[in-house]
Amino acid sequence: MTQTQHPTKLLTFEEFLAYDDRTDTRYELVDGELVEMPEVVSPGTENRSRDYRYKRTEYAARGITEYWIIDPELKQITVCKWVEGQDEDTVLKGTATIVSDIVPDWELIVEQVFAVAN
């Protein structure tokens, strides 16, 4: 199966403020590109399936090139990147360092994310 990447439309600040995709998803504007904030996995089988599986299609359709799935139950963060028309996932736990392609020179340790939640 071949997937194609949809072109990303750069937004002005005014377009960003008016943007509404009729979900409760939070977005950030980085250099005119709409970037999704990290996704926290909700409890329950149906929610896990949605957060890990079905949202990938939605994000690809929106042209989102990087997002994180934060899983409090498994104490892991999956960094999902859209690279040349393919999903590339990196699962991080414990003392692993999270690095973002979108936010240069930014790092965070996985344990730090879950320490704040406790």
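Rounded to the nearest 0.5 Å, atoms NZ (K93) and CD (Q76) are 5.0 Å apart. Taking NZ from K81 and OG1 from T90, the interatomic distance works out to 6.5 Å, rounded to the nearest 0.5 Å. Taken from CD in E39 to OG1 in T78, the straight-line distance is 11.5 Å, to the nearest 0.5 Å. The CD atom of Q112 lies 10.5 Å from the OG1 atom of T95; values are rounded to the nearest 0.5 Å. Atom CD of E111 sits about 10.0 Å away from atom OG1 of T97, to the nearest 0.5 Å. Between atom CZ of residue F114 and atom CD1 of residue I77 there is a gap of 4.5 Å, rounded to the nearest 0.5 Å.
Using a 4.5 Å cut-off on side-chain heavy atoms (C-beta onward), L92 and V79 make contact. Annotation: side chain of L74 is not in contact with side chain of V91 (no heavy-atom distance under 4.5 Å). In this structure, V110 and I98 have side chains that are in contact, with non-hydrogen atoms separated by less than 4.5 Å. Within the 4.5 Å cutoff, side-chain heavy atoms of Y67 are placed close to those of R56.
Among all heavy-atom pairs drawn from Y52 and D71, the shortest one is OH-OD2, 2.6 Å. Closest approach of I109 to G94, counting heavy atoms only: CG2-O, 3.7 Å.
The residue from R48, E73, R50 that alone fulfils the side-chain contact (heavy atoms from CB on, under 4.5 Å) condition with V41 is R48.
Without hydrogens or angle criteria, D51 side chain to S42 main chain gives a donor-acceptor distance under 3.5 Å.
V99 and V113 fall into different hydrophobic clusters, where Ile, Leu, Val, Met, Phe, Trp and Tyr residues are linked whenever their side-chain heavy atoms come under 4.5 Å apart, directly or through other members.
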